[in-house]
Student: 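The structure that follows is given in the form of structure tokens.
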Amino acid sequence: MPRLEWPLHIVRRVVIGVIVLAVLAVAIPLTVNWFQERRARCGDGVVKMGDDHECVGVTDGSYTFADHLAPVEKKIKAENELVEKHGDKYVSVAYMTSFTLTEDDSNSEESVRHELEGAYLAQYRHNRGDLSSSPKIKLLVANMGSSAAHWEHTVDELIDRKTSDDKLVAVTGLGPSDTQNLDALRRLSDNGLALVASTMTATNIEGIKGLVRVSPTNVDEAYAASAYLKKERVRRAVVVQDDARDNYYAKTLGDAFTKVFQDIEGHTLVADRMTYDSSVRGAWENELRYMPGQLCDQKPEAVFFAGRGKHLTRFLDAIANRPCQDREFMVITGDDTTNLTADDLAHAAESKVRVLYTGLAHPDMWQEDPDSVSRPSARYFQPGGLMAKWFPDDQHQDGQAIMAHDAVLTAAQGIQMAALGEVTGESVARMFHQMNSRQQVPGASGFISFQNNGNPRNKAIPILHLNAKGRSELVEVSARRGEPARKQ
């Protein structure tokens, strides 16, 4: 059979065609992926994720996660640029929580904004304020998305920042006490970062390597609340608790109060714990609505509410419409009340029920107990202080700014103490347990040192009263076992 020979110009065309097809086979998917990535990118280190296309990840302030955060993120960006411009040695600290919020979140926009404002104040004080020291810190803002749904992406981004120019050594904030946030901090711990929780109070969060918290535990809050009720001669109480499976805050708070209140001789719970389940949408509000009739029959002198602040307002609405209008009620609850907005608090105050709660911090604590709180730190949060000048439209009586400030200040002091050697996440975390005696953190929420399990030692706890105008008034300051804080 004769051999078929192709003309040279045809062979060339075939070869060129094959090469072009091969290039296109590679280039088209790459181009599509490039355009998809560009569409999904919100800013450096921040991408869109989920059905709601939330922008989550880590920024140095260049990207604004929400409009209401713009003023404070602008200040953080400027401070970070100043650190880089001066050429001083620096490392990074991240403040991580959910900054893009929906109705499913227990925190409010006002609450997380205050947290970021407090975090910035700590950065400023460490870099060029009254506590100026070295190395300087850049502050990174890390958003896990609503309900921390995208924590894995944000945590991976933070881990990458350990070896980047940011030199990340510590993560602060860490969000509420729930499953997603606990998973996030465990991953960060496994990767050798120092961790400082600002508002986590669930008692069962301890023993995680590198983790400390500046807030008291729910057991400490229960002791403080019980001691106050004892002074008020309250002997009969009922516990109302959120029974949602992932709400560690409510479970540990309810358990702690149930035990601690009855430890005091003559104090009794007049009924089994009354529960609702906030994870069942459309049902939990009805469950709360039916409780006041039972409370009228049981005649407790106080109701201890172990639930989130946003549930408290619905519970108070229900009590305000109770069938026994002639009977007075006292409700005492935990620190999540600080997540309510000013409007929420004012609405709650309209219930005509006496409402008290164990807060995490209050600007007036140093006046009530000057031996337990750093006056220089507290003054920043007073009327006319630097926070009021920087953020004149915000009130900081909720304590969120103070707790975030104290968390970042703790990380900053750990960095300063570790600077005699190499500053790493592990070396900073080791310094947390050297913060005793003269090395205590001068917090605006109280002087801070840590037990071996990472919980604060003898932390001051404010007892607060919600007045008729929806403002939080300081009643007294207790310590972790309910005694006056100054005696600890």
Side-chain angles (χ1 to χ4, degrees), residues 97-98 101-108 111 144-149 151 175-184 199-205 217-219 221-222 225 237-262 269-298 300 302-323 329 331-341 344 347-348 351 353 355 357-358:
T97 189
S98 296
L101 305 171
T102 69
E103 63 180 13
D104 293 328
D105 292 277
S106 60
N107 291 347
S108 65
S111 171
M144 296 182 283
S146 175
S147 301
W151 69 266
S177 306
D178 57 29
T179 302
Q180 293 88 339
N181 291 316
L182 287 176
D183 290 341
T199 61
M200 281 186 171
T201 59
T203 311
N204 60 345
I205 304 173
T217 69
N218 283 340
V219 168
E221 291 189 37
V238 167
V239 176
V240 172
Q241 180 187 310
D242 183 3
D243 208 28
R245 184 178 62 180
D246 293 338
N247 191 347
Y248 297 131
Y249 164 81
K251 176 171 174 49
T252 58
L253 186 62
D255 288 348
F257 185 82
T258 298
K259 178 182 184 301
V260 170
F261 183 76
Q262 295 180 107
L269 296 177
V270 298
D272 291 337
R273 200 176 309 188
M274 301 169 64
T275 62
Y276 66 98
D277 189 343
S278 66
S279 66
V280 182
R281 292 190 178 186
W284 64 268
E285 290 178 305
N286 288 335
E287 291 182 273
L288 291 177
R289 190 185 307 164
Y290 298 130
M291 289 183 183
Q294 302 172 56
L295 293 173
C296 285
D297 294 335
Q298 293 156 354
V303 178
F304 190 84
F305 187 82
R308 295 293 183 186
K310 66 179 184 179
H311 307 146
L312 175 66
T313 58
R314 298 293 179 267
F315 180 63
L316 294 177
D317 282 343
I319 289 187
N321 291 287
R322 62 191 179 274
F329 272 85
V331 174
I332 189 164
T333 185
D335 66 89
D336 200 73
T337 305
T338 59
N339 286 314
L340 295 177
T341 67
D344 289 334
H347 177 64
S351 65
V353 175
V355 181
Y357 62 99
T358 51

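Numbers here are sequence positions counted from 1.
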Student: Per the side chain to side chain donor-acceptor pair (under 3.5 Å) rule, which among Q241, E287, H311 passes with Y276?
Tutor: H311
Student: Under 3.5 Å, is there a donor on one side chain and an acceptor on the other for T252 and N204?
Tutor: no
Student: Taking side chain as C-beta onward, heavy atoms only, is R281 less than 4.5 Å from D104?
Tutor: yes
Student: With a 3.5 Å distance limit and no angle check, can you tell me whether D178 reaches the backbone of N181 through a side-chain donor-acceptor pair?
Tutor: yes
Student: If you take all heavy atoms of D105 and L101, which pair is closest and at what distance?
Tutor: OD2-CA, 3.5 Å
Student: Could you go step by step and tell me if T201 and N218 meet the side-chain hydrogen bond (donor to acceptor under 3.5 Å, both in side chains) rule?
Tutor: CA-CA 5 Å; T201 59; N218 283 340; 2.9 Å; yes
Student: Do E285 and L288 have side-chain heavy atoms sitting under 4.5 Å apart?
Tutor: no
Student: Do you know which two heavy atoms are closest between Y249 and G307, and how far apart they sit?
Tutor: CE2-O, 3.5 Å
Student: With a 4.5 Å cut-off on side-chain heavy atoms, are S278 and K310 touching?
Tutor: no
Student: Ignoring hydrogens, what is the shortest heavy-atom contact between S106 and P176? Give both atom names and the distance.
Tutor: OG-CG, 3.8 Å
Student: To the nearest 0.5 Å, what is the distance between CG (L312) and OG1 (T333)?
Tutor: 5.5 Å
Student: Verify the ring-centre separation between F315 and F305: is it less than 6.0 angstrom?
Tutor: yes
Student: Any salt bridge between R273 and D255, counting N to O under 4.0 Å?
Tutor: yes
Student: Side chains of T179 and Y248, heavy atoms from C-beta outward: is any pair under 4.5 Å?
Tutor: yes
